[in-house]
Each structure stands twice: as C-alpha cells, then as structure tokens.
Protein chains: 2
Amino acid sequence: MPENDPAVPRWRRRKEARPREIVDAALTVFGERGFAAARLEDVAAQAGVSKGTLYLYFPNKEELFKAVVREAILPNLDMAERLLAGAQGPSFAVLETLLTLFATRILKSRAGAIPKLIIAEAGNFPDLARFYYDEVIRRAFALLAAVLERGMARGEFRPVDVDSTVRLIVAPMLMSALWRSSFEALEGRPPDVAALLAAHLDALRRTLAPEGGPPS
Amino acid sequence: MPENDPAVPRWRRRKEARPREIVDAALTVFGERGFAAARLEDVAAQAGVSKGTLYLYFPNKEELFKAVVREAILPNLDMAERLLAGAQGPSFAVLETLLTLFATRILKSRAGAIPKLIIAEAGNFPDLARFYYDEVIRRAFALLAAVLERGMARGEFRPVDVDSTVRLIVAPMLMSALWRSSFEALEGRPPDVAALLAAHLDALRRTLAPEGGPPS
DNA sequence: AGCTAATAACTGACTGGTCAGTAATATTTT
DNA sequence: AAAATATTACTGACCAGTCAGTTATTAGCT
C-alpha cells in the first residue's frame, strides 16, 4: 500500500538530526550483533534511512563505530574525571561513587554492550582496539589509579600494588557488563548487580583498610 | 614442483589421528579470529588437510567448536572437581590451588582464548552459549560455591553472599584471559598475571577472614 | 506570491569479494 | 575390485561500499 499523497513526502531532509539518529541506531545494532556481524542495512533501517545515507555522514563502518563510542562512553568518563577533580571527602567514598556510577550509567544503558564489542572484535579490528584502548581504557585506569594514590597519600588506604588493584576493582564491573551481553538470556533471573556491587564494595573496604582499622 | 614419485603418497589415511589434529588446529584459528570470522579453509590448512576432510569428521562449524571446548576445557574442570572432592586441608588453600591452576593451565595455554570466543559469539550463536553455559560455567560456579560453603561450614570463612562472592573470585581471572586475547598486543609489557593473582589472593584472604582473625 | 532553476539530501540496485557447505572426482588401502 | 579416505572445484548466500538517478528544499527571478 504505497503512500501516493504528494503532500506527505517520502522522506525529509534532516541534515542536523541524522548523525545522532544513525549513531543511536548503530549502538543498538552493534550491541545486538557485534561489529563484524552487524549489517549496515539494519543500522540504516533502524535509523529510518537508506544505506547510502549512512555514507553521507560516516566514511565507513569503523568510523561509525568510533562515533558510537565517543557518544556513549566518553561523556561518562568526562563526568567521572570531573568528579575526582572536585572530590573533598574520603577516598573510599569517591571509589564508591565511581563504581555506583558505572553500575547505573553504563551497565543499565545500551552502552553496556560496548565492552563486549571491543573484546570480541579487538583481534580482527586492531584499529578499533587501539582507539578504545587510548580513549577509554587508559583514561579509566589512570582515573582509578589516581583515586588509589589519593587514598594512600591520605593514609586512608594501606599501600597496595596500584596496577593490580585497579584491575581487581574493574574486573567485577566489566564482568557484569559482559555477562549481560552474553548470558542474561540463558539464566532465569537477571543478575543481581546491586548485590554484586555491595559485595564488591565490602570486599574493597576490607582489602584497602589500613592495618589499624577500616577507613571511614 | 609437484612430487610425482608414486612411492611417496600425496597423503595418507589417518582416520584415528585426524580428529585430534583438526580440533587442535581449530583451537588455534578460532582463538586468533573468533568463531564467525575463522575460516574453515584456514583450520584445514593448519591441520594439514583439505577443507572437505573437515566434513568427514565434523558435521559443521558449530560441532567442531563444541569439540574444541570439550577437549580444551573440560579435562581441566574434571581435574578441579577431583581436587575439591579429595581436599583435606583448609579451604583457603583449596581456593588458592584452584585459582593458581586456572592462571597456569588455562591462561597460559591457547585455551585462554575460549572465554573471549564465547563472549564474543554468544549473541549470534545462542546454541554455543547454551552449550558453554551448561557444560562449563554452571559447573565452575558450582565448584567455587562448594569451596565457599565448605569454608563457611568449617568456620574458616565469614558468612558471605555465595553467588556474588563466586563472581568476585572469577572476575579477575576471566578479565586476565580476555585481556590477553584483546589488548596484549597493544601494551608494551605483557600483563603481570602473577602479581594480579597475588593481589587477588591477598584481597580474598582479607575479604573472607572471619572477624576474629585471618584463616590459617 | 508564484514559477523556475540549482543544489543538497537521499535512495536502492549493483559490484566485487568472501566463505560455509556440497558434489564430483581422485587416491590409497584392503 | 570395492571401500574408505581425501581433494578440488563449485554453489549459493551474504554484505560493505559505490554510484547513477530521484526527490525535497532553497534561492533567485519575475
């Protein structure tokens, strides 16, 4: 049943809105299928646009993916960095806020699919891996390392191996994100992120506490 | 320069040895490229065989992959289960042995690539995800849960939320495996698994210790 | 205000390349 | 010779990226 009324155009020119809509559609489709398996035809359909239009705004699939990362992840990192820069109180509270932020802002949004994407495709698309490593991982690790250094300098944390401890902090959050992407459908119940976060914070409190007693 | 001497056959019939060689080649190629992107042509070449031969021993790509998992992972799980069943000493020592076993047997072998594989392809190949979940994840989680229960029953561990704690135990090891597969090439130094394992065990000791003091 | 280029935005059929799986054929072994 | 094992050449489906052509919008002219 084709729409023949010429008063209703088949499409509109919307130069301003397109990139955002395309990136948004791409996040959805990449998240569902991964980078390599995602069909740009599907991204286009999801964005309500034809495949050719994608190429008016993005030179190729990889650049589209980078745009997705920039839009979905980097603003959160910016926020986290500002948070540390302006922190006044105890370091453990900063850590708690950061992890809670991750659990709510990233894990629960469609951006939670991005870690899986990167891990899945790093081998076959080293440029993407490099991009993500430089723009996201390095910054996130540096941020957490700074929190640990701050805590140790203030005597709130016992001395620890910073690099290993950063990985210990990140791992459960990362694993939650991967879990959601991969196995949520197979388990009856959804994973209890809140319980995991609570247990993780509890473990960190005990791990980081100076010998003389727990930090405030 | 073709070999025309009829006394030197171009190939031999080796019905017994083929499956193992093919599975071994498949582990290598799947590990490098992922499941979807791996070319059976490459698996065949790596196994010193032609593509058609693969189909004499495995009905399709998915079944070949399942065979890889069965061969590379399940024997390690069997060993771990026997280890717990025969354990006499303190529960923390069992935990330590299990994690060390993982860090050495899985992480350092080509089998370390399998977690990445599963996570990467779970969305597009739900049958594989189901298979891995049933055959590996459930068993591994049950195993660790049993260690925790044992420790709590013997008063060596304080009472903890078993499910969350199992995830906390697994996450850093899993993350190491994923890291190797994805970012090792991008960093100068290889990740220091020994340091991470030491820090993790230290953190677990503090986390699981009953209030009255650390377990032996 | 209405008509008419000119331009910018968009479409969708097509190309070139890839690869899992199959069929036809060849070689080795018994 | 027959059976078992292996190879090679092929098929069909898939998809990123391209491009010739179409449609909406804007600007210029009257």
Side-chain angles (χ1 to χ4, degrees), chain A residues 2-23 25-26 29-30 32-68 117 121 123-125 127-128, chain B residues 2-23 25-26 29-30 32-68 117 121 123-125 127-128:
Chain A
E3 179 58 80
N4 288 328
D5 185 348
V8 179
R10 290 208 288 125
W11 42 264
R12 307 248 177 139
R13 297 169 66 173
R14 296 175 53 241
K15 186 179 167 56
E16 314 306 325
R18 292 299 189 214
R20 212 181 198 79
E21 293 170 352
I22 292 170
V23 165
V29 177
F30 284 151
E32 282 166 1
R33 312 288 266 233
F35 176 75
R39 295 163 47 200
L40 290 187
E41 198 85 55
D42 289 348
V43 173
Q46 175 88 18
V49 120
S50 77
K51 187 159 66 135
T53 300
L54 264 45
Y55 285 88
L56 298 176
Y57 295 100
F58 302 93
N60 54 47
K61 205 180 183 184
E62 288 208 13
E63 288 301 320
L64 175 56
F65 179 78
K66 290 183 186 174
V68 169
L117 268 178
E121 316 283 2
N124 297 320
F125 301 90
D127 287 357
L128 292 184
Chain B
E3 178 60 78
N4 287 330
D5 185 349
V8 179
R10 291 208 287 128
W11 38 263
R12 308 244 178 143
R13 297 167 66 175
R14 298 176 51 242
K15 187 179 165 57
E16 314 305 326
R18 293 297 191 214
R20 208 178 203 79
E21 294 170 352
I22 292 170
V23 165
V29 177
F30 284 151
E32 283 167 359
R33 313 288 266 230
F35 176 75
R39 295 162 48 200
L40 291 186
E41 199 84 57
D42 290 347
V43 173
Q46 174 88 16
V49 120
S50 75
K51 187 165 65 146
T53 300
L54 264 44
Y55 285 89
L56 297 176
Y57 295 100
F58 302 94
N60 55 46
K61 205 179 182 184
E62 287 207 14
E63 288 302 321
L64 174 56
F65 179 78
K66 290 183 186 174
V68 169
L117 269 177
E121 315 283 2
N124 296 321
F125 301 91
D127 287 357
L128 293 184

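Reminder, nothing fancy here: chain letters follow the sequence lines and each chain counts from 1.
- Close to D:dT7, at under 4.0 Å from its OP1 or OP2, lies a side-chain N or O of B:Thr53.
- Looking only at distances, no side-chain donor or acceptor of A:Glu121 sits under 3.5 Å from a matching main-chain atom of A:Gly34.
- In the set D:dG17, D:dT7, C:dA20, the nucleotide with an atom closest to the side chain of A:Asn60 is D:dG17.
- Partners of A:Asn60 according to the side-chain contact (heavy atoms from CB on, under 4.5 Å) rule, which considers only residues two or more places apart in sequence or in another chain, are A:Glu62, A:Glu63.
- Per the geometry, CD belonging to A:Glu41 stands 10 Å off C1' belonging to C:dA13, to the nearest Å.
- Rounding to whole angstrom units, CZ of residue B:Phe58 and P of C:dA20 are separated by 16 Å.
- In this structure, B:Glu63 atom CD and C:dG21 atom C1' are separated by 15 Å, rounded to whole Å.
- For A:Lys61, the side-chain contact (heavy atoms from CB on, under 4.5 Å) partners at least two apart in sequence or on another chain are A:Phe30, A:Phe35, A:Leu40.
- Going from atom CG of B:Asn124 over to atom C1' of D:dC15 covers 14 Å, rounded to whole Å.
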Please produce a list of atom pairs where a protein N or O lies less than 3.5 Å from an N or O of nucleotides 15-19 of chain C.
| from | atom 1 | to | atom 2 | distance (Å) |
| --- | --- | --- | --- | --- |
| C:dC19 | OP2 | B:Arg39 | NE | 3.1 |

Exercise for the section: Check the pair A:Val23 / A:Phe58 against side chain to side chain contact (heavy atoms under 4.5 Å, CB included), numbers first and verdict last. Expected result: CA-CA 10 Å; A:Val23 165; A:Phe58 302 93; 3.6 Å; yes
May I have the list of side-chain donor-acceptor pairs in residues 41-54 of chain B shorter than 3.5 Å, sequence neighbours left out?
| from | atom 1 | to | atom 2 | distance (Å) |
| --- | --- | --- | --- | --- |
| B:Ser50 | OG | B:Thr53 | OG1 | 3.4 |

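- Considering only side-chain atoms of A:Tyr55, the nucleotide from C:dA9, D:dT7, D:dG17 that sits closest is D:dG17.
- Between B:Arg33 and A:Asn124, the closest heavy-atom pair is O-ND2, 2.7 Å.
- When the C1' atom of D:dA6 is taken as reference, atom OH of B:Tyr57 falls 8 Å away, rounded to whole Å.
- Following rounding to the nearest Å, A:Asp42 (CG) and D:dA16 (P) show an atom-to-atom distance of 9 Å.
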